[in-house]
Amino acid sequence: MWRDALLVGSKDLRIEFRSRVTTTQVAPYAVLVLVLFGFAFDQDQNLLTKAAAGLFWVAVLLSSLLAVQRSYAIEATDGARDSLRLSGLDPAGIFLGKTLAVVAELLVLEVLLGFGVVVLFGIELHDPALLVVTCLAASVGLAAAGTLYGMIAAGLRVRETLLPLLILPVVAPVLLGATQAWMAALGTAGGGTDGWKWLSLLISFTVIYVAAGSLAFSILVEES
Amino acid sequence: MEPVIRFRSAVAFAGRFPVLAGVDLDVSGGDVVLLRGANGAGKTSILRAAAGLLRVVSGEARVLGSDLVLDQRAVRRRIGLLGHTSGLYDDLGVSDNVRFALRSSGVSSDRASCALETLGLVGRLADTPVRSLSAGQRRRVALAVLLARDPELWLLDEPHAGLDADHRDLLDGLVKSAASRGRTVVIASHESDRAEPLAGHIATVAGGVVVEVAPGPACRGSEPAEVERIVA
């Protein structure tokens with residue numbers, strides 16, 4: 001399974017490296033979202049500072065939709081998905097591979113957006129370890145849920161518009177947990193907020209999404 | 001000996017439309033069978049059902065000894081399907097596509113270079129992104145994947161489409177060679193003049209059923225040297 005996951009993940013990343021869609025479209029989009037948030041809250045620097053964690057994760061969430069759509073767009077061309085099915089690869093391996101590729105792209109985006117938050121919003125980091133672990137857990141959660149629901153939508157004619165409707169409600173716990181953990185790590189949360197507890201919640205949902213995707217993907221690959 | 005493909009009253013749907021309406025078909029090991037029939041007769045659906053891509057919902061569908069009604073994924077690594085689409089990734093190069101296809105099928109990617117050479121996909125062409133290729137060149141890349149995998153059952157859907165005269169001849173040679181090595185080949189084609197001489201049997205398909213199976217010209221060809229190198 002892990003061999004198949006590495007094979008699929010490295011293939012997806014190689015395609016992204018060659019096509020440069022992430023660097024030329026998804027990353028600028030994410031930065032643009034962050035800058036627009038900055039414009040919207042510019043009159044109130046205090047509010048901007050307090051909302052920075054939420055704005056960061058909303059920007060990541062919106063960008064993750066593009067990354068997931070792109071992940072399935074490359075399988076939709078010229079019968080590539082049928083080839084993947086015919087290859088006999090372990091469906092759980094395909095799921096994990098596609099998830100890993102999206103995680104890698106999201107982590108790059110988060111580094112970029114992290115600099116953006118510090119520079120544009122004037123944020124100071126209080127607990128870098130919590131920030132980094134939250135980014136890892138939330139990226140896996142977003143990518144796993146996105147990959148799972150991306151496959152559900154993959155065979156549908158209206159997949160581009162349906163995918164956000166499917167994903168956004170499901171990843172709300174990830175958004176909540178990651179935002180609260182980041183607020184604690186940035187020192188912008190109210191007193192008594194334990195970021196590591198929110199991280200535990202985030203990790204719980206991430207584990208559920210990864211497990212559900214690994215189990216359900218074999219059915220979804222055949223039925224989509 | 002059990003046939004490589006055994007369909008009995010096989011029924012399959014595309015959405016609500018019955019694309020296979022009770023197919024009866026036996027294909028023996030090492031045979032080359034031509035499926036012919038009008039557009040929409042069900043030729044492609046038979047190939048997709050045999051590959052386990054189209055679910056057979058009733059009747060019997062056994063391929064290479066496995067019951068596809070129970071497990072449609074059982075034999076995929078032993079089957080190669082050359083379909084209407086190439087199954088390639090536009091942004092990857094020719095060589096990268098072939099190597100990925102081989103590795104994902106559990107076959108050593110060392111076989112790629114010989115297959116690419118046989119299909120004339122060498123030099124700068126090997127690194128060219130597939131999106132820049134013509135339809136015929138894409139077909140040759142997909143054929144290179146099939147050749148390098150050398151599966152037990154070859155399913156070819158309009159295999160001559162898009163190929164120039166030289167590569168059509170090469171394809172015919174590869175089919176004959178595969179049959180001579182004991183591989184089973186099923187071809188769906190409208191091009192009777194090209195495909196019939198290859199066929200050991202000719203099955204006529206109409207309305208989602210096989211209406212007639214007749215003997216075709218014998219198919220035993222010589223082994224091209226390139227193919228011997230690849231499968232060695």
Side-chain angles (χ1 to χ4, degrees), chain A residues 1-26 67 70-98 101 105 154-157 217-224, chain B residues 14-15 44 47-48 50-55 66 68 71-93 95-107 109 127-133 135 138-139 141-142 145-146 149 151 153-155 157:
Chain A
M1 180 178 75
W2 286 106
R3 179 199 158 276
D4 292 352
L6 288 175
L7 192 60
V8 172
S10 61
K11 179 264 294 175
D12 278 12
L13 288 175
R14 205 158 56 244
I15 288 173
E16 285 313 315
F17 183 74
R18 284 210 172 199
S19 67
R20 303 189 190 284
V21 169
T22 302
T23 49
T24 60
Q25 293 177 29
V26 181
R70 170 69 185 157
S71 174
Y72 283 99
I74 60 177
E75 303 295 347
T77 55
D78 210 12
R81 196 164 66 229
D82 275 349
S83 285
L84 209 55
R85 288 169 68 193
L86 276 174
S87 68
L89 286 171
D90 185 342
I94 297 174
F95 167 76
L96 291 171
K98 296 197 84 62
E105 292 167 34
L156 302 174
R157 192 168 44 84
F217 218 66
S218 61
I219 299 166
L220 296 175
V221 164
E222 297 305 326
E223 300 299 332
S224 66
Chain B
T44 297
L47 296 184
R48 288 179 64 82
L53 291 176
L54 180 65
R55 187 186 296 279
S66 295
L68 296 189
D71 182 3
Q72 66 183 121
R73 290 209 305 260
V75 291
R76 285 183 181 166
R77 285 206 163 167
R78 300 165 66 191
I79 288 174
L81 172 65
L82 184 71
H84 290 293
T85 54
S86 67
L88 304 170
Y89 294 100
D90 279 352
D91 291 307
L92 288 183
S95 176
D96 280 349
N97 260 294
V98 175
R99 286 176 200 284
F100 174 74
L102 294 182
R103 291 178 67 196
S104 64
S105 304
V107 177
S109 58
D127 295 322
T128 303
V130 163
R131 71 165 63 254
S132 306
L133 301 183
R138 280 172 174 259
R139 200 74 172 156
V141 180
V145 171
L146 184 71
R149 284 187 58 207
L153 174 59
W154 293 35
L155 303 171
D157 198 356

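Note on naming: letters A, B, ... go to the chains in the order of the sequence lines (proteins, then strands), and numbering restarts at 1 for each one.
- Only the side chain of B:R73 comes within contact range of chain A, judged by heavy atoms closer than 4.5 Å.
- Side-chain contact between B:R77 and A:L89 is present, with heavy atoms from C-beta onward closer than 4.5 Å.
- In terms of heavy-atom pairs under 4.5 Å with chain B, the best-connected choice from A:I15, A:V8, A:I74 is A:I15.
- The contact between B:R138 and chain A is made entirely by side chain atoms (from C-beta outward), counting heavy-atom distances below 4.5 Å.
- Here the straight-line distance linking atom CZ of B:F100 with atom CZ of A:R14 works out to 8.0 Å at 0.5 Å rounding.
- For the atom pair CG (A:D4) and CZ (B:R103), the distance works out to 10.5 Å, reported to the nearest 0.5 Å.
- A distance-only check finds a donor-acceptor pair linking the side chain of B:R76 to the backbone of A:R85 [under 3.5 Å].
- The candidate with the highest count of non-hydrogen atom pairs below 4.5 Å against chain A, out of B:P129, B:S105, B:S86, B:G93, is B:S86.
- No donor-acceptor pair under 3.5 Å is formed between the side chain of B:D91 and the backbone N or O of A:R18.
- Note that CG of A:L86 and CG of B:L81 are 5.5 Å apart. Values are rounded to the nearest 0.5 Å.
- Proximity to chain A (any heavy atom under 4.5 Å) is restricted, for B:R48, to the side chain, taken from C-beta onward.
- Contact annotation for B:L88: only backbone heavy atoms (N, CA, C, O) come within less than 4.5 Å of a heavy atom of chain A.
- Interface check for chain B: of the options A:S10, A:S87, A:G93, the most heavy-atom pairs under 4.5 Å are formed by A:S87.
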